[in-house]
Each structure stands twice: as C-alpha cells, then as structure tokens.
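Structure first, then comments.
Below, chains carry the letters A, B, ... as their sequence lines are ordered, and counting in each starts from 1.
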Amino acid sequence: MPRVEAERYDPQAIEPPIAQRWYDERTYSLSPRPSADRSGDDTFYALTMFPYPSGDLHMGHAEIFTIHDALVRHLRMTGKRVLNPIGWDAFGLPAENAARDRGADPNRWTYDNIEEQRSTIVRLGYSFDWDTVLYTCDPVYYRWTQWLFLELLDAGLAYRKEGNVNWCDSCATVLANEQVVDGHCERCGAEVYRRPLTQWYFRTTEYADELLNGLEAIDWPERVKNLQRNWIGRSEGAEITFRTADEGAGGDPDEVVVYTTRPDTIFGATYFVFAPEHPLVTERMQGDADYDAFLEQVARRSELERVSSMSEERGKRGIRLNFDMLNPFTGETIPAYAADYVLMDYGTGAIMAVPIGDQRDFEFARQEGLEIRPIIRPTTDDGQLLEALDPETMTEAYLGPGVMINSGDYDGMPWEEAKERIIADVEAKGWGRARVNYRLRDWLISRQRSWGPPVPIVHCPECGEVPVPTEDLPIELPADLDFQVSGSPLDQHPTFKHDVSCPRCGNEDATRDVDTLDTFVDSSWYFLRYLSPEDDQRAWPKEAADAWLPVDQYTGGVEHAVLHLLYSRFVVKAMRDRGYLSADEPFQRLLNQGQVIMDGAAMSKSKGNLVVPGEVYEEYGADTLRGTMLFASAPEDDIDWADVSPTGMHKWLSRVWRLTLEHLDREEQGRAKDGADVDALRKATAAAIIGASEDLDVRKYNTAIAKMMTLTNAILDATRDGSGGPAVREALESLLALLAPICPFITEELWFRLGHATSVHEQPWPTADATLLEEAEVEIVVQVNGKVRGRITVPAGAEQDVVEAAARADDAVAAHLAGELVKTVYVPDKLVNLVVKG
RNA sequence: GCGGGUGUGCCGGAACCGGUAGACGGAGGGGCCUUAAAAGCCCUGGGACCUCGUGUCCGUGUGGGUUCGAGUCCCACCACCCGCACCA
C-alpha cells in the first residue's frame with residue numbers, strides 16, 4: 001500500500017513527541033551562555049514580553065509567540081546566534097486575589113499556572129531557551145529588584161514624599177499616573193480618586209528630556225513614539241515671579257512663581273489663580289470656613305469630574321482669596337483666587353490668568369465677572385490685520401496669531417517676537433527665567449499589596465528611612481501571609497514588620513516598610529537578568545550587557561506603550577549613568593503585534609466568543625495554528641478569528657505531507673524520473689526561495705507563505721502525471737526549509753523522512769540561482785493612450801523599434817491606432833504605450 | 001481641539017521605485033472520482049452592457065490635480081479606529 005494511503009497527515013501523532021524532545025534536550029539553549037560570550041558579532045537578542053501567569057495561554061499569547069518564534073527560527077537558519085529567553089512576570093494582584101477569595105496559596109497558584117503555560121508553549125513549538133527561565137516572584141530574582149531600588153535610592157533617583165496620589169479602592173492600593181486611564185484603574189476599571197499619602201517614587205522626570213529625544217534613535221512604530229511624546233508632554237515657556245500686594249508673615253511681600261507657555265500675554269493677566277491646596281493659600285486662609293468647605297468639596301470631587309470640564313454639575317470651581325497679587329509688568333493689583341482647574345502638581349501650582357488667551361481662564365472670568373482685557377489684535381498667519389477682539393461679545397478665548405496691543409513697549413510686535421522679548425526682559429529684571437516643563441510625573445512605585453517585592457527600607461525613629469544593606473537582601477516575603485485580613489497582609493503579619501532593628505543604629509523600635517514594589521518595577525529590568533538568571537553575585541554582568549544590549553527585536557502588545565516601555569527606558573538610562581551598562585536604550589526595534597479578536601470584538605469568556613489555543617491545536621495541530629496566524633495578515637494587524645479559517649492552512653499542510661510521501665514512494669520504487677515540466681519546477685523553486693526569503697527578511701509572513709503555496713502548486717503540477725525525480729526532491733526540500741520557521745513540526749518530521757540525519761532547523765537558509773528566473777521571451781503589455789489593448793511576446797531585452805513594430809502588427813492594438821502616433825513610451829521587458837492624437 | 005493611523009472583490013489580504021488591479025487563501029457555484037459520504041482533484045470566481053469577443057465601458061472611501069500612464073504622488077474632503085487633553 002502506498003504511504004499516502006497508509007498514513008494521513010496527523011499532527012496529533014507527530015507534534016507532541018518532537019515538542020517533548022526539544023524541551024527535554026534543551027535543543028534551543030544558547031551555548032556558550034550569553035554571560036560568557038563577549039562578542040557581539042552575529043548575535044541577536046530576540047525578546048518577547050514575558051507572560052503574566054493568570055491562567056493558560058490565550059490566543060493573544062499564541063499570536064505574539066508565533067510571530068516571535070518565526071523570526072527567531074529564521075534568524076538561526078541564516079546563521080545568527082540568537083538569545084531567545086522566556087520567563088514569567090509572576091508577581092501581581094490576581095495571585096493575591098485568588099488567595100483572598102479562594103484561600104489559595106499565591107505561590108502555589110502562580111507556579112501551577114506557569115506550569116500550564118509552559119507546557120502549552122512547549123506544545124506549540126516555541127523555541128525558547130529553557131536555561132534562562134526567570135520568575136519575578138522568585139527571591140533569586142527579586143533580591144535584585146530590591147537591589148535596583150537601593151541603587152536608584154543611592155543615586156537620588158528614588159525618594160519618598162507625601163502627595164495627592166491615585167487610589168483604587170477595588171485594588172486597595174495606590175497607582176502610578178500611567179495606570180490611570182480616563183480616571184479609571186487600568187487593571188480593574190474601578191474609578192480612581194485622589195488621597196494624600198506618603199509614597200515612594202522613582203525620579204523619571206530627571207530623564208524627561210532624554211526619554212523624549214531618545215525616541216529619535218530607535219526603530220519603533222510611530223504610534224508608540226507619539227504616545228510617549230504625548231505622555232512626556234514637553235512645553236516651552238517661562239517662570240515668572242509674582243508678589244503679593246500686601247506683606248506676608250515675614251514682613252515682606254510673599255513671592256509666588258508661575259509657569260506659563262504664553263509670557264507674551266502677561267499684560268492680559270487680570271487675575272491670579274492658585275491650586276486649592278497651594279501652601280501659601282493654606283497658610284493665609286487658615287481658619288476660613290468657606291475655604292475649608294471648598295477644599296473638602298475639591299477633595300471629594302473625583303478625578304473624572306475634574307476632567308469633565310464643561311459639566312454643569314461640577315459646581316463652582318473656585319473661591320476668592322483674602323489677598324491680591326501684583327502683575328509685575330503692569331504694576332496693577334489683581335485679585336487672587338483658588339480654583340480646582342489649577343493643579344498642584346503641574347508647573348508651580350499657580351498661574352497668571354489671561355482670560356483673553358486661555359479658554360479656562362476665559363470661562364472662569366465670565367463666571368466671576370472678571371476683566372477680559374484684549375492684548376492681542378488677531379491677524380492672519382501671514383500678518384494681515386483682522387478685526388479687533390471685543391470682550392463683550394466673545395464666546396471663547398482667542399488662541400490664534402496676532403500683534404500685541406495694550407502691552408506697553410511691546411505694542412505692535414507679532415506675538416512670537418513679543419514672547420521672546422518678554423522672556424529676555426523677565427530674565428534681565430530678575431523676575432524669572434525661560435523654562436521647559438513636562439507633563440510627565442515621577443513614577444509612584446510603592447503598592448499596598450503583598451504579592452510583590454517588599455520595599456527594602458527600615459523606618460527608624462532615630463535615623464528615619466534606612467536602606468537595608470545589600471548583603472541582607474533579599475527581604476523575603478513571609479510564607480505564612482494571611483490574605484483574609486482587611487488591609488495589607490504584609491502590614492498585619494505577626495513578625496514581618498516589627499522583627500527588625502535599625503541597620504544603622506540598632507534601634508529596636510524600627511519597623512520594616514510594609515509596601516511592595518509595583519510589578520512594573522519587576523519587569524523594568526528583566527531583559528537584563530536574562531543574561532545570567534542564576535547569578536548570585538550581581539544582577540547582571542556588565543560585559544554581557546554591553547555585548548547583548550540593546551535588545552535587537554522586542555515583540556509585544558501596544559498596551560504597554562507608556563507603562564513598561566517607558567519605565568524600562570528610564571531604568572536603562574539610570575543604570576547606564578551608574579556604570580552598570582553602556583546602552584542608551586533597552587529595545588532598539590519594537591513590533592506591536594495585532595490583537596486576536598472575534599467578530600469584531602475582544603474575546604472573553606463572558607461574551608462566549610472565546611477561542612483558546614488548546615482547542616485549535618487539538619483539532620488541527622500547532623503548525624496549522626501558527627500558519628493560520630501568520631497567513632491571516634501582517635503581524636501588526638488585528639486578526640479576526642471569525643474571518644480566518646484554519647482549514648485552508650490544514651489543507652495546504654496535508655498537501656505538502658502527501659506530496660512528500662508520494663515522492664518517497666517513487667524513489668523507493670525506482671521510478672523517480674523528472675517529467676517534462678522539470679524546468680518550470682526548477683524555476684518555481686528558485687522563485688519561491690528568492691521571494692520568500694525577501695519577505696521573511698522584512699517579516700511579511702503572509703506573502704512568504706503565499707509564495708510557498710505557489711511552489712507547492714508547482715510541485716503538484718510537475719508530479720501530476722506520476723513523474724518526479726531529483727528536481728522534485730530539490731523543490732520539496734527547499735519548501736520544507738522555507739516553511740520550517742513557520743511550521744516547525746511537519747517540516748522536521750518530513751525532513752527526517754527524506755533521509756536527513758540532522759534537523760531541518762539546523763540547515764542553512766536555502767539560496768537559489770537568480771539567473772534561473774531569467775526568461776528568453778517576455779510578454780509585453782501594449783497600451784494605447786494608457787489603456788491595455790493587447791499583449792505580445794518578444795525576446796527578452798528587445799529594442800524599442802522591434803517591440804513597437806510587433807505591437808502595431810497586433811490586430812486588437814491596430815484597431816485603436818486610428819489617430820496620428822505622437823509618442824511611444826517603452827519600459828523594457830514590461831510595457832509599451834502608444835500615444836495617439838484624436 | 002491636538003497628534004497618529006486605516007479605507008482595494010462576498011471575506012482575509014496581494015500589488016517593488018508611478019507601468020497588466022485583485023497574487024495566495026477562505027466562503028460560494030459547477031464538475032470528476034465514489035454505491036454514497038469524507039478526502040482528493042479540476043473549472044469558475046469585481047460590476048455592467050452587448051454584437052457573446054482575443055469585445056466595450058466602469059471599478060482601489062469622495063472630489064480635483066500632476067502624468068503617456070495613478071491603488072501608489074500632490075491638494076481638499078468624508079468615514080472609521082487609536083492616543084492625548086482643565087497641562088497653564
């Protein structure tokens with residue numbers, strides 16, 4: 001019986017044993033280890049965002065890993081030494097919630113999920129290096145996360161301060177600004193509000209400028225770079241000092257600095273606004289019942305209400321204060337207010353209010369009946385005077401170009417010139433200075449949760465905040481935390497907090513810090529730890545970091561655009577400046593893979609449209625799952641699973657299987673002779689090799705697969721009559737090599753069946769002779785006045801007059817050549833266009 | 001409001017530098033094989049029109065423009081998606 005009939009393509013039979021062998025034999029582990037490898041030649045650091053172990057892998061994981069693995073396998077075959085590590089982002093709230101809700105042990109829960117994910121990863125043929133595995137919840141790892149914190153503390157880049165922080169009730173912890181989306185918690189969606197708390201921060205603002213400028217030098221999607229640019233929010237302006245109209249507690253007028261991007265409008269500053277909690281306001285308004293009520297009202301107001309600017313219900317936005325300010329330029333006394341539209345933590349927490357040129361000031365002035373003074377005469381962009389502004393009838397502030405009026409010596413100047421002159425004069429008079437400001441705030445890193453690395457700090461009544469000596473790290477989480485308590489389990493633990501003395505003075509009343517570090521701290525440096533995950537002497541070897549960083553290719557979801565990706569950039573820059581590495585950026589090239597959705601919507605259990613990788617590989621096999629994802633669309637585009645069908649991919653792989661087995665039968669029976677189509681097949685093979693290689697180099701997997709399918713069809717045609725010899729073997733072997741990065745199992749199996757002793761994945765990437773593609777005769781499109789009117793066949797490289805004559809001789813073409821021929825356009829070997837008049 | 005992105009058959013998507021629009025696949029339709037089914041294989045596959053051809057016209061969100069020639073370049077617009085936004 002022929003093999004084909006005896007053995008159908010059965011992925012369930014061939015895939016699991018191969019997968020298990022690759023895992024057991026650590027087939028894809030890098031040797032020598034990166035920590036020992038000092039040469040950067042021909043090396044490639046391929047990184048994919050490590051998974052959070054909240055359950056088994058979902059389709060999104062399969063998508064990211066499939067794209068990544070195809071890249072990695074292809075690179076290996078082209079001769080690169082690829083570092084391809086995997087690990088788990090294993091600290092975080094779900095484990096803690098499982099412990100609280102179901103009494104699970106978070107450690108056990110986490111590692112059970114990891115084991116499930118690991119076995120799925122292995123089953124799907126992802127060729128990770130199983131010698132570099134790391135777990136962020138392992139003390140071996142988080143010891144160094146704590147060390148990183150202490151390093152930044154020592155550098156002055158970590159500090160503790162009191163401030164109004166974002167609080168999520170449902171997660172029972174503070175959040176970083178980056179974790180608040182439209183006033184809601186990025187994790188759980190609950191509304192976030194502000195409350196004053198003393199927390200730990202990393203000084204990301206220290207690197208604001210470099211974080212912004214560094215984007216120029218990295219190859220990331222423009223979309224992500226823009227997200228970061230927006231987030232950093234650089235603006236140029238000036239700081240200007242205003243004085244109170246009266247004398248303060250010290251006997252002199254109090255000085256208040258404002259930040260403005262429009263110093264040119266200072267003559268229009270008809271009042272002054274403080275943030276409600278501004279220290280000068282709290283000092284001067286002490287004991288004022290109206291102010292206290294106002295403060296309370298502001299504090300109650302949620303972030304969301306504050307943001308919904310025009311809302312009717314938001315109520316009165318500010319109150320008149322019991323003092324006035326002086327406008328340094330006009331010398332006028334202007335009233336001072338406290339209003340919630342001025343934020344304490346942006347700029348200086350106080351503004352000069354220019355109602356004519358700022359929408360918020362305009363609205364507030366209208367509400368309070370304050371003067372709206374025109375200080376600018378609108379012009380067109382090229383300076384033509386337009387009608388003057390009339391404050392009586394205006395309905396919104398004027399933000400366009402113009403020339404200054406009512407502005408003393410600056411009258412008549414275009415506003416841009418006035419801005420420069422006023423900044424210069426402010427500096428000359430010692431009233432302030434030019435200043436660049438950022439929207440970016442420092443990163444709040446402490447969390448009131450207990451499944452994370454404890455902040456390695458001891459609070460001593462004598463010495464204050466004392467860092468734990470690095471030799472005492474890690475500060476381990478107690479194994480017996482009680483997650484049923486209300487509040488923080490770490491805080492409530494019987495011994496953790498108090499069983500410590502001050503490392504500096506030995507004071508027995510010292511206590512441990514009971515907060516833990518944000519999970520984004522864990523993931524801000526894991527790509528460095530992959531260089532030496534077991535090292536107990538240091539976080540990573542500098543030489544290895546210098547050889548392997550920046551990561552050549554990072555693949556992951558766009559949801560981390562301003563979280564993980566920004567934090568990692570900050571950490572690398574900070575550690576560079578501490579001398580621990582030389583790279584300026586962590587990730588040179590970034591790919592954001594698309595989402596896997598269903599019927600236009602995100603998949604979810606509650607919607608009942610969930611497809612999991614397990615179902616797909618059980619029905620069709622891992623190769624079909626991988627191939628389907630890569631063939632469906634470009635890696636960065638979303639895949640709607642309802643639109644794609646694994647059956648097409650499965651059909652094609654079955655065909656490859658069958659054609660190979662048929663060929664083996666022919667060889668075995670000694671009838672393997674090439675048929676009449678042998679030249680066409682050789683040409684098709686060369687075309688597939690050349691075309692697919694180009695596509696894979698730029699990660700166009702869908703078109704690469706299309707070219708492999710075309711070759712498969714050519715093999716089918718060449719063997720249809722039962723013939724097929726060396727040229728067919730060559731075509732099949734080329735096909736298997738090209739397909740190996742995408743469908744690693746079927747290619748491996750068939751490669752061995754074709755008699756090879758080593759894996760297809762160890763083969764050098766196939767090459768082809770491009771001259772095979774040269775044709776003796778070419779078909780030329782004949783156009784008349786740009787419309788296709790016929791096709792002719794001429795020898796390759798034919799001269800224009802030959803082609804033109806042949807074209808005119810064509811009946812269909814001649815029918816359109818009634819008018820006078822005025823021009824001929826000839827594109828050699830492709831097209832001739834005859835232009836006629838009339 | 002500001003910034004970024006995307007619009008091509010029934011569907012996913014191709015189309016290098018401006019040169020045959022719709023590669024490759026899916027769904028559909030027809031056929032071969034089979035007692036039948038599955039599997040496999042073959043044909044068809046944007047629209048309209050007619051004189052039914054090796055035919056004509058239309059067709060890449062809309063309207064203009066450049067060009068011998070535009071899905072591709074330029075201008076204006078429409079729709080949808082994403083991000084930012086009381087940031088002074």
Side-chain angles (χ1 to χ4, degrees), chain A residues 4-5 8-9 181-182 221-231 233-235 237 258-262 265 273 275 306-310 314 317 339-343 345-354 357-361 363-364 396 399 437-441 558 561-562 627-628 631-634 636-649 651-652 654-655 658 691 694 700 702-710 712-713 716 720 779-791 810-813 815 822-827 830-836:
Chain A
V4 190
E5 284 173 37
R8 287 261 172 91
Y9 172 48
V181 180
D182 286 338
E222 203 51 37
R223 181 164 67 127
V224 178
K225 290 196 200 182
N226 267 312
L227 291 178
Q228 293 213 350
R229 285 190 192 109
N230 273 341
W231 193 258
R234 183 180 198 271
S235 69
V258 302
Y259 172 73
T260 176
T261 55
R262 295 291 304 273
T265 63
V273 189
R306 271 180 86 136
V307 168
S308 59
S309 56
M310 300 307 142
R314 67 192 309 283
R317 51 194 340 188
D340 67 350
Y341 77 89
V342 173
L343 308 176
D345 51 4
Y346 183 80
T348 61
I351 63 160
M352 61 178 211
V354 183
D358 181 284
Q359 187 60 23
R360 295 149 298 165
D361 295 344
E363 286 165 21
F364 190 76
E396 56 183 23
L399 303 168
N437 203 34
Y438 298 93
R439 202 184 77 99
L440 179 73
R441 321 282 166 86
V558 73
V562 290
T628 302
F631 188 54
S633 63
E636 40 280 297
D637 291 342
D638 288 352
I639 296 175
D640 195 327
W641 201 253
D643 289 337
V644 301
S645 154
T647 56
M649 185 55 50
K651 240 162 86 177
W652 174 49
S654 302
R655 186 179 272 189
R658 203 177 59 247
E694 282 172 4
K700 291 174 68 171
N702 52 345
T703 53
I705 291 170
K707 281 159 193 166
M708 296 176 208
M709 288 173 165
T710 304
T712 310
N713 294 342
L716 185 69
R720 198 180 298 287
E779 186 182 71
I780 293 208
V781 171
V782 183
Q783 297 182 335
V784 178
N785 288 347
K787 287 189 196 294
V788 180
R789 296 300 180 186
R791 293 160 170 67
D810 186 275
D811 288 347
V813 174
V822 292
K823 186 174 178 180
T824 304
V825 180
Y826 179 52
V827 183
K830 282 205 127 169
L831 169 146
V832 61
N833 187 10
L834 305 171
V835 186
V836 297

Ignoring hydrogens and angles, answer whether the base of B:U54 and the side-chain atoms of A:R791 contain a donor-acceptor pair closer than 3.5 Å.
no
What does A:K651 touch in the nucleic acid at a heavy-atom separation under 4.0 angstrom: a base, only the sugar-phosphate, or nothing?
sugar-phosphate
Assess whether one donor atom and one acceptor atom, taken from the side chain of A:R720 and the base of B:C42, lie less than 3.5 Å apart.
no
Should B:U62 form a Watson-Crick or G-U wobble pair with both distances under 3.5 Å, which nucleotide is its partner?
B:A76
Which heavy atom of A:V782 sits nearest to which heavy atom of A:V813, and what is that distance?
CG1-CG2, 3.7 Å
A:N833 and A:Y826 side chains, donor-acceptor separation under 3.5 Å:
no
Regarding A:I705, tell me which of base, sugar-phosphate or nothing describes its non-hydrogen contacts under 4.0 Å with the strands shown.
nothing
Please determine, for the side chain of A:R789, which listed nucleotide (B:U20, B:U56, B:A38) has the closest atom?
B:U56
Suppose we define a pair by two distances each less than 3.5 Å, Watson-Crick or G-U wobble; what does B:G40 pair with here?
B:C32
Is A:N713 touching bases, backbone alone, or none of the nucleic acid, heavy atoms closer than 4.0 Å?
sugar-phosphate
Remember a base hit wins even if backbone is also touched, and classify A:K225 as base, sugar-phosphate or nothing at under 4.0 Å, heavy atoms.
nothing
How is A:N833 classified with respect to the nucleic acid when contacts are heavy atoms under 4.0 Å: base, sugar-phosphate, or nothing?
base
Side-chain N or O of A:K700 closer than 4.0 Å to phosphate OP1/OP2 of B:A15:
yes
Base, sugar-phosphate, or nothing for A:L227, non-hydrogen atoms under 4.0 angstrom?
sugar-phosphate
Among B:C24, B:C11, B:A88, find the nucleotide with the atom closest to the side chain of A:Y346.
B:A88
Classify the glycosidic conformation of B:C73 as syn or anti, calling it syn when the angle lies within 90° of 0.
anti
Just to be sure I understand the rule, does A:Q783 reach a base, reach only the sugar-phosphate, or reach nothing, if contact means heavy atoms closer than 4.0 Å?
base
Taking any heavy-atom pair under 4.0 Å as a contact, classify A:G648: base, sugar-phosphate, or nothing.
sugar-phosphate
Please work out if A:V835 contacts a base, only the sugar-phosphate, or nothing of the nucleic acid, heavy-atom cut-off 4.0 Å.
sugar-phosphate
